[in-house]
Amino acid sequence: MEISRFVADPVARLRWPAASPFMPRWLFCPTPQAVGFALRNTLASLIALAIALWMELDSPQWAVATVWSVAQVRRGESMSKARWRIVGTLVGAVAAVVFIAAFPQQSWLFFPAVAAWIGLCSFLATFCLNFRSYAFVLSGYTCSIIAVAAASAPDDVFFIGVSRATYIVLGVVCEAAIATLFTLNLSTRARAAMVAQVEDVLHRLATLLREIVLHDRDTLVHAGEFSNMLVSVHQGLEFPAIEMGRQVHAGDHARAVLAEVSILVTRLVGLSGGAERAMLSDDGILADTRGQLLHLCDRLATARLKARALDDLHAQAAHLRTLFEQRAATGTQEMGRITHGVLAAAMGDMEEALAHCHAIYRPPPHDHFRFHLGGHRDIRLAFHNGLRGAVAIMLAALVYEVTAWPGGMGFIAITTLVCGLFATRENPVVGTTRFLSGAVWSAVAAGFLDLGVLPYLSDYEEFAFVLGIFLFVGGLAKCSRGTAGAAAAYGLLMPNLLMPGNQSRVDEVTFLNGAWHTVLAVGLSVLVFRLVLPFRARDERLRFGRHMRGELRRLCLVPLPPSPQWWIGTSVDRIGRMVRHAAQAGDHGAAGDIRLMLMFSSVGLNILLLRQLKRQRRDAVSAVITALLRALVRYRVASPRGIAVVRAARRRLARMERADPGNGRLLEVLACLDGIGRTASACVAAMAAGVE
């Protein structure tokens with residue numbers, strides 16, 4: 001009955017693979033994109049392997065592993081990773097030659113030197129984004145792989161290094177050539193992807209602005225999630241920019257949009273307390289202001305990056321800025337004037353963001369715009385990453401020296417590789433278990449091929465057909481979020497265990513030794529990440545809080561203050577990390593720390609804006625600001641005495657403003673002081689309540 005119903009009902013037939021726990025959807029119902037990705041990289045792998053065998057390279061399996069290491073779903077990611085992989089390989093090969101020449105037959109000078117090199121590469125990689133970080137870790141584990149392979153034959157280190165560089169370049173070239181055949185209209189699709197990302201940012205901004213205007217109690221939590229989304233978009237903008245070419249600066253304009261949007265949100269977070277009191281008053285002007293902002297939110301929620309729509313939005317933002325400036329100059333209530341002044345500045349940020357959106361959609365002629373958005377650089381995390389990598393290499397070397405294990409050198413090389421891959425992740429523990437499961441599956445697949453299939457094959461065509469099936473399945477798994485981590489290990493390690501050759505076949509003992517040291521090396525790396533200076537999201541949040549409080553004091557008196565864009569970019573990066581790590585750990589108690597970081601970010605922005613206003617001219621207002629900043633360095637901003645100093649300065653400036661009611665500069669200064677005072681008071685209350 002069930003079988004006949006299944007055959008008769010095509011809808012049931014389509015649903016069945018997804019519903020069965022024994023038939024994963026990624027394998028039996030893959031998307032067209034997954035099929036294309038798996039097919040093109042399988043072809044590139046087989047071509048690279050054929051060329052490596054024809055050239056009689058000593059380790060042709062690394063050409064296959066390189067294809068799957070470089071291959072990414074997005075073409076821009078593959079192009080970036082391929083470029084930096086070549087750079088990292090060349091640097092690592094040079095380092096390997098230097099270490100072998102410097103420490104011949106001196107194992108306990110050689111291994112610490114390699115461990116120190118791995119630690120240094122991991123340390124430096126922590127300060128880079130995307131695949132620039134990958135280049136550093138690749139130079140580390142490439143040095144280890146070449147040096148370990150040449151340890152028993154130091155005279156051949158140069159030839160081993162040239163061989164490895166050859167099949168790395170071979171794998172990169174094959175992947176790029178096949179991917180080019182599968183890619184059509186790359187620049188057009190990249191621009192469409194970037195436009196969709198920026199539109200999503202505007203839509204999410206509309207939702208957040210509506211919550212700020214309506215004073216939703218969860219606004220700060222949602223602002224943290226918005227920051228996490230901005231960080232993800234920022235990190236992904238590099239790849240469509242690569243696909244569009246260096247002559248196109250759409251990526252720089254998109255980063256500028258993110259910066260302006262972040263400043264806008266941070267301004268309004270600092271305004272929230274005063275705006276709430278003003279907006280809820282019976283003043284008809286403020287009620288109209290609220291309606292105007294809600295109408296803008298409605299327009300942003302459906303915004304599209306098209307010329308007419310962008311022109312209309314830009315015109316509305318310019319109109320609101322002019323309107324709010326007039327109301328700030330002619331208002332009768334001090335709080336209303338300050339609120340309208342901040343809103344006018346926020347609309348100015350909106351205008352800048354929309355102007356950059358227009359440049360993405362329709363690039364201006366002779367565009368040479370460049371923009372870099374700052375990010376957090378964590379020295380302590382970098383030190384921990386470097387130390388973990390060095391400890392793992394020394395432990396693997398100790399095992400080799402104590403046991404004289406024939407597969408010990410391979411054990412060290414694979415340990416280096418895995419530690420390098422995970423050392424620069426924000427949370428290196430996440431993903432290591434899946435990588436270990438992928439290593440086990442790679443051993444199973446390679447064992448089946450080596451011991452059960454290859455003995456019955458006589459030419460490359462037959463071997464390529466069988467191997468292609470296994471590689472194609474790995475490609476499908478890499479396109480699924482749930483299996484991507486295991487598939488990365490599978491594509492990297494399975495060819496290495498297979499060890500195909502022109503005139504040789506891997507016997508049972510050789511295969512089992514290779515599989516054993518590979519799985520043990522991955523297991524050792526997992527243990528090191530979990531036991532040596534383990535990552536804890538709670539400790540990270542506390543460290544970020546202490547660091548930002550110290551930065552607030554430095555912002556008050558540092559001779560060359562950073563730009564507001566740099567400060568906001570760094571703050572958003574930190575907040576995004578906190579949100580991601582809390583989600584990964586399932587820590588629902590992190591919301592208070594995230595709110596605190598958002599408030600610190602708002603305080604820092606207002607301090608930088610104060611310093612900009614102070615530099616405009618030297619007068620009595622500048623003298624008050626200078627005295628205030630010096631006092632905040634002594635007493636700290638987020639402290640009762642610091643808040644008292646801010647309020648005293650505000651009272652002095654409020655008297656000046658009442659004597660000169662048309663002074664827009666004084667209104668801006670008062671708005672900054674209000675933002676600092678209210679936000680610092682909320683920080684002190686939160687810390688006293690036990691947030692930190």
Side-chain angles (χ1 to χ4, degrees), residues 111-129 132-134 136-141 143-144 375-400 411-436 439 485 488-489 520-551 570 573-587 589-590 593-594 597 692:
F111 288 127
V114 173
W117 173 255
I118 296 294
L120 176 63
C121 291
S122 299
F123 178 86
L124 296 176
T126 309
F127 299 109
C128 300
L129 292 177
R132 288 177 290 279
S133 173
Y134 176 71
F136 276 106
V137 298
L138 183 67
S139 65
Y141 71 71
C143 167
S144 175
H376 176 66
R377 302 293 180 263
D378 195 334
I379 295 179
R380 180 172 177 176
L381 178 63
F383 175 75
H384 285 186
N385 288 338
L387 185 59
R388 273 192 294 261
V391 168
I393 303 312
M394 293 303 295
L395 288 176
L398 180 63
V399 171
Y400 169 69
F411 176 68
I412 296 172
I414 299 299
T415 301
T416 307
L417 187 151
V418 179
C419 287
L421 290 176
F422 283 91
T424 57
R425 297 197 176 188
E426 296 174 2
N427 186 352
V429 175
V430 175
T432 53
T433 304
R434 290 182 178 177
F435 197 88
L436 179 59
L520 282 183
V522 178
L524 174 64
S525 303
V526 172
L527 287 177
V528 167
F529 285 121
R530 293 180 180 273
L531 299 179
V532 178
L533 300 174
F535 177 86
R536 293 185 177 89
R538 175 64 176 171
D539 294 342
E540 180 193 54
R541 294 198 299 273
L542 295 177
R543 189 173 76 253
F544 280 0
R546 290 192 296 269
H547 187 70
M548 285 196 75
R549 286 198 297 275
E551 281 190 338
T570 304
D573 191 8
R574 292 174 183 143
I575 295 166
R577 292 187 188 204
M578 292 170 62
V579 172
R580 286 194 299 277
H581 298 161
Q584 290 169 354
D587 185 1
D593 292 321
I594 294 170
M597 293 290 287
E692 183 174 358

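This structure is a prediction, so every number in the text was calculated from the model and none was measured.
Between Asn385 and Ser122, the closest heavy-atom pair is O-CB, 3.9 Å. Contact record, Ala582 with Arg541: CB-NH1, 4.5 Å, taken as the closest heavy-atom pair. Nearest approach of Ala390 to Ala115, heavy atoms of both residues: CB-O, 3.6 Å. Nearest heavy-atom pair across Ala397 and Phe111 is CB-CG, 3.6 Å. The shortest heavy-atom contact between Thr126 and Asp378 is CG2-O, 4.3 Å. Between Leu533 and Arg388, the closest heavy-atom pair is O-NH1, 2.6 Å.
Scored by the salt bridge (Lys or Arg N to Asp or Glu O under 4.0 Å) test, Arg574 finds Glu551 as partners (sequence neighbours excluded). Applying the side-chain hydrogen bond (donor to acceptor under 3.5 Å, both in side chains) test to Arg380 and every residue at least two apart in sequence or in another chain returns nothing.
Here the options are Tyr141, Tyr134, Phe435, the test is ring-ring contact (aromatic ring centres under 6.0 Å, His included), and the partner is Phe422; only Phe435 passes.
Between Thr416 and Ile412, some side-chain heavy-atom pair lies under the 4.5 Å cut-off. Here the side chains of Asp593 and Met597 are not in contact, with every heavy-atom distance at 4.5 Å or above.
For the atom pair Phe411 CZ and Leu395 CG, the distance stands at 8.5 Å (nearest 0.5 Å). Distance CZ/Arg577 to CZ/Phe544: 5.5 Å, rounded to 0.5 Å. Note: Phe136 CZ to Ile118 CD1 = 13.5 Å, rounded to the nearest 0.5 Å. For the atom pair CD1 of Ile414 and OG of Ser144, the computed distance is 9.5 Å after rounding to the nearest 0.5 Å.
Remark: Arg434 CZ is loosely packed, at most 12 non-hydrogen atoms of other residues, nucleotides or ligands lying under 6.0 Å away. Atom CG of Leu527 is surrounded by more than 12 heavy atoms from other residues, nucleotides or ligands within 6.0 Å. Counted within 6.0 Å of CZ on Phe127, heavy atoms from surrounding residues, nucleotides or ligands total more than 12; the atom is thus considered enclosed.
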Checklist entry - Should Ser525 and Thr415 be marked as a side-chain contact (heavy atoms from CB on, under 4.5 Å) after you check the CA-CA gap, both sets of side-chain angles, and the distance that decides it? => result CA-CA 6 Å; Ser525 303; Thr415 301; 3.8 Å; yes
Next on the checklist: Before you tell me yes or no, could you show the steps for Leu381 and His376 under side-chain contact (heavy atoms from CB on, under 4.5 Å), namely the whole-Å CA-CA distance, both residues' side-chain angles and the distance that decides it to 0.1 Å?
Outcome noted: CA-CA 11 Å; Leu381 178 63; His376 176 66; over 6 Å; no
Next on the checklist: Test side-chain contact (heavy atoms from CB on, under 4.5 Å) on His547 and Ile379; report intermediate values, then the result.
Outcome noted: CA-CA 11 Å; His547 187 70; Ile379 295 179; over 6 Å; no
